[in-house]
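Structure record follows, encoded as structure tokens.
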Amino acid sequence: MSRVLLSACALAALSLAACAGGPVAEPPALTSPPMTTPAVRPVDYVRDVHSHARPEVARVVDVALDLAADFETSRLSGTATLSITGVPGAEEIVLDVRNLDLQAVRTPEGRALDYSLGAEDPTLGQPLTVRFDRPLAAGETRRIVIAYATRPDAAALQWLTPAQTAGGRLPYLFSQGQAILTRTWVPTQDSPGIRQTFSARITAPDALKVVMSADHLTPEGEPAGPGRRAWRFRMDNPVPPYLIAIGAGDVAFQPIDERTGVFTEPSKLAAAHRELVPTAGMVDAAEALYGPYIWGRYDLLVLPPSFPFGGMENPRLTFATPTIIAGDQSLVSLVAHELAHSWSGNLVTNATWDDFWLNEGFTVYFENRIMEAVYGRDRALQEQVLGWNSLQDTLASLPPADTRLKLDLAGRDPDDGMTDVAYEKGAAFLRTIERLVGRERFDVWLRGYFERNAFRPMTTERFLEDIRTHLVRGDAALEAQLMMDAWIYQPGMPSNWVAPVSDAFAPVDAAAQAVFVAGAPVSTVPWSDWNTQQRLRFLGWRPEGLQPAGDWLTPAQLADLSATLDLPDEGNAEIVFAWLQIALQHRYDPAVPQAEAFLTGMGRRKFVLPLFRTLWAEEDWGRPLATRLYREARPLYHPVTTGSVDPLLGWAG
Ligand code: BES
Ligand code: ZN
């Protein structure tokens with residue numbers, strides 16, 4: 001039945017009305033990726049300080065999971081069967097694990113293997129060294145079976161109670177692997193340079209649907225004993241382990257076109273689908289820019305509000321926060337971003353977290369090219385300017401060493417590298433190259449870069465080699481103009497930067513001057529003529545040289561702003577966030593209920609952490625409030641978010 005519905009919908013391509021048949025049980029069976037599994041190429045491993053693995057001795061090439069999800073105990077338990085290759089004579093393999101309960105390591109025939117766990121590091125976890133029963137032979141693929149269970153506080157997993165979902169009836173589980181959290185639910189070599197194919201059989205209570213970042217082999221599940229169903233998955237393209245992802249809950253699906261669609265809770269599906277219709281055109285635009293989309297389907301899973309990130313580029317199935325569902329498609333650049341990772345990140349992958357800008361800087365650049373192709377140059381420029389301004393704030397606040405593109409994160413959590421430097425300075429660097437060589441030449445190079453380096457880990461040094469060989473080609477004058485070494489290895493911005501400018505922001509800046517400096521009433525602001533990016537520009541305005549805890553508005557101005565722009569009823573999360581930053585910094589009491597609703601209603605770290613920082617800075621007024629709101633909100637938050645907010649508030653339970 002669903003097939004008939006689907007093809008009618010697919011034929012009607014992007015027409016919303018034709019898809020009004022509503023949710024269907026399964027996505028169209030767009031089978032394996034159109035590209036055959038890539039030839040495995042020899043890889044020169046570089047040292048990854050965030051993994052215990054020694055891939056030059058023995059490495060995991062495939063992971064097969066057989067796990068049961070138990071929502072009573074908040075545990076996944078079962079086995080991971082690892083396929084391993086290595087140098088002839090290798091006698092052991094070193095894996096990464098963190099916070100796992102290990103039961104046994106065996107051969108596929110069931111013979112126990114010796115293993116040992118090394119010292120525990122709170123961020124990196126422990127090395128798990130498994131001794132083979134006989135040395136590896138040349139060309140051999142060895143299999144080992146690890147029986148284990150995850151712990152209820154596994155950092156990659158969030159187990160939601162029914163009350164924490166939209167439906168309120170069924171529990172929910174989702175994972176977040178990047179950067180080094182996969183080791184808290186899968187015992188494997190958790191380094192982005194060690195690519196692995198994977199498959200899984202997951203059982204769950206039969207009211208739930210299980211989805212993964214892989215081919216869905218059983219879109220309806222299959223019986224697996226009383227009250228349970230099993231779901232099987234396969235990913236044939238080798239991926240870095242941070243891209244292994246799972247979701248399980250009361251989830252329904254609605255297609256957008258024949259290769260794209262949306263999964264989310266049934267009561268949220270219509271709105272999510274309406275919002276995300278532009279996805280189909282984005283995939284087409286991305287392919288036209290930089291080559292075929294090789295992963296087969298591109299679906300989105302819109303998660304419950306506790307999802308700690310905006311989006312996560314899990315292959316075939318981007319995970320997204322529900323805070324992008326604004327009602328007017330104004331925040332869909334996030335889809336462009338996660339989609340762009342299907343090339344920058346998922347095909348060509350940062351070899352280590354020190355090279356994170358190769359994932360995110362390339363992706364922000366590519367994201368903006370997709371936005372330009374779909375929405376035009378002006379919209380793309382507006383988003384560039386917002387990103388550029390945010391970069392300037394970041395550069396002013398970080399220690400200089402952390403403003404280099406190539407990082408040195410030894411001894412630190414790779415999360416520390418997740419700043420605007422990787423994202424926006426990285427993108428600004430690529431735009432600088434584009435400007436100096438011309439877009440046409442730049443695009444030819446970038447398309448080639450993805451082709452040449454697909455399925456390979458990329459270091460900053462190999463990037464430099466690639467661009468020098470294929471783009472600069474010994475042109476000494478160009479080499480000097482580009483200042484590539486300065487961009488990468490020096491703090492701050494090299495002298496050849498050019499700030500993006502959007503004409504659409506000129507009237508916004510004039511209105512901000514009139515209201516915030518000259519004291520004009522907010523009713524003079526043409527708010528309803530502006531798009532979301534212009535509104536964010538307006539609310540992001542700050543006086544020159546503002547002190548960190550300084551005020552720039554009077555209580556009467558705040559009341560005017562709030563009432564005239566209808567901010568208490570605003571539905572766009574980015575605008576609510578921008579407004580609350582102003583209101584809380586001014587200790588504006590009437591905004592407290594809205595802050596409470598916002599902070600207890602979603603757990604996206606990008607919103608939660610800065611708002612608690614703002615409250616904390618308003619000591620006598622803000623700290624008791626922060627403590628009260630955090631006590632209320634914290635049970636909703638994912639470990640990624642609490643891990644950042646706990647230290648700020650000195651939270652000890
Ligand atoms: N891959 C990142 C998310 C990430 C990075 C998770 C590092 C864990 C460690 C994802 O693509 C991303 O950048 N998400 C952004 C949104 C994007 C539009 C800039 C986010 O979640 O804010
Ligand atoms: Zn990203």
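Every value quoted in this text rests on a predicted model; they were computed, and no experiment measured them. Both counts, for ligands and for their atoms, begin at 1 and track the order of listing. We're numbering straight along the sequence, starting at 1.
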Practice task
Give a yes/no verdict on whether any heavy atom in Q176 is under 4.0 Å from an atom of ligand 1.
Solution key: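 A heavy atom of Q176 does come that close to ligand 1.
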Problem - F356 heavy atom under 4.0 Å from ligand 1 - result: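 Within the 4.0 Å threshold, so yes.
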Check ion pair [X]-[Y] (N to O, under 4.0 angstrom):
| X | Y | value |
| --- | --- | --- |
| D415 | R605 | yes |
| R369 | D443 | yes |
| D420 | K425 | no |
| R634 | D646 | yes |
| R412 | D402 | yes |
| R259 | E287 | yes |

Practice task
Check Q178 against ligand 1 and report side chain, backbone, both or neither, counting heavy atoms closer than 4.0 Å.
Solution key: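 Under 4.0 Å from ligand 1, Q178 contributes backbone and side-chain atoms.
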Problem - Angle, OE1 of E360 through the Zn ion (ligand 2) to NE2 of H337 - 10° precision - result: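 My answer is 100°, to the nearest 10°.
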Exercise for the section: Please confirm whether H341 comes within less than 3.5 Å of ligand 1 when only nitrogen or oxygen atoms on both sides are compared. Expected result: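 N/O-N/O distance under 3.5 Å: yes.
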Practice task
Answer yes or no: does an N/O atom from S333 fall short of 3.5 Å to an N/O atom of ligand 1?
Solution key: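 The answer is no, given that S333 and ligand 1 share no N or O pair closer than 3.5 Å.
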Practice task
Provide, to 0.1 Å, the distance between atom 10 (C) of ligand 1 and the closest protein heavy atom, together with that atom's residue and name.
Solution key: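 For this ligand atom, the closest protein heavy atom is G311 O, 3.2 Å.
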Exercise for the section: Identify the protein heavy atom lying closest to atom 15 (C) of ligand 1, giving its residue, its atom name and the separation to 0.1 Å. Expected result: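 Checked against all protein heavy atoms, atom 15 (C) of ligand 1 sits closest to E338 OE2, 4.2 Å.
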Selection from [options] by shortest heavy-atom distance to [atom]:
| atom | options | answer |
| --- | --- | --- |
| atom 20 (C) of ligand 1 | A340, A320, G310, G387 | G310 |
| atom 2 (C) of ligand 1 | E424, R605, E360, E383 | E360 |
| atom 13 (O) of ligand 1 | W353, Y423, F309 | Y423 |

Exercise for the section: Please name the residue in the list V211, L301, D299 that meets the side-chain contact (heavy atoms from CB on, under 4.5 Å) test with F253. Expected result: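 Considering V211, L301, D299, a side-chain contact (heavy atoms from CB on, under 4.5 Å) with F253 is found only for D299.
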Problem - Shortest non-hydrogen contact between F356 and G417, atoms and distance - result: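 Minimum heavy-atom separation between F356 and G417: CD2-O, 3.5 Å.
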Exercise for the section: For E313, counting its heavy atoms only, list the atoms of ligand 1 lying under 4.0 Å from any of them. Expected result: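 Here the atoms of ligand 1 in question are 1 (N), 2 (C), 10 (C), 11 (O).
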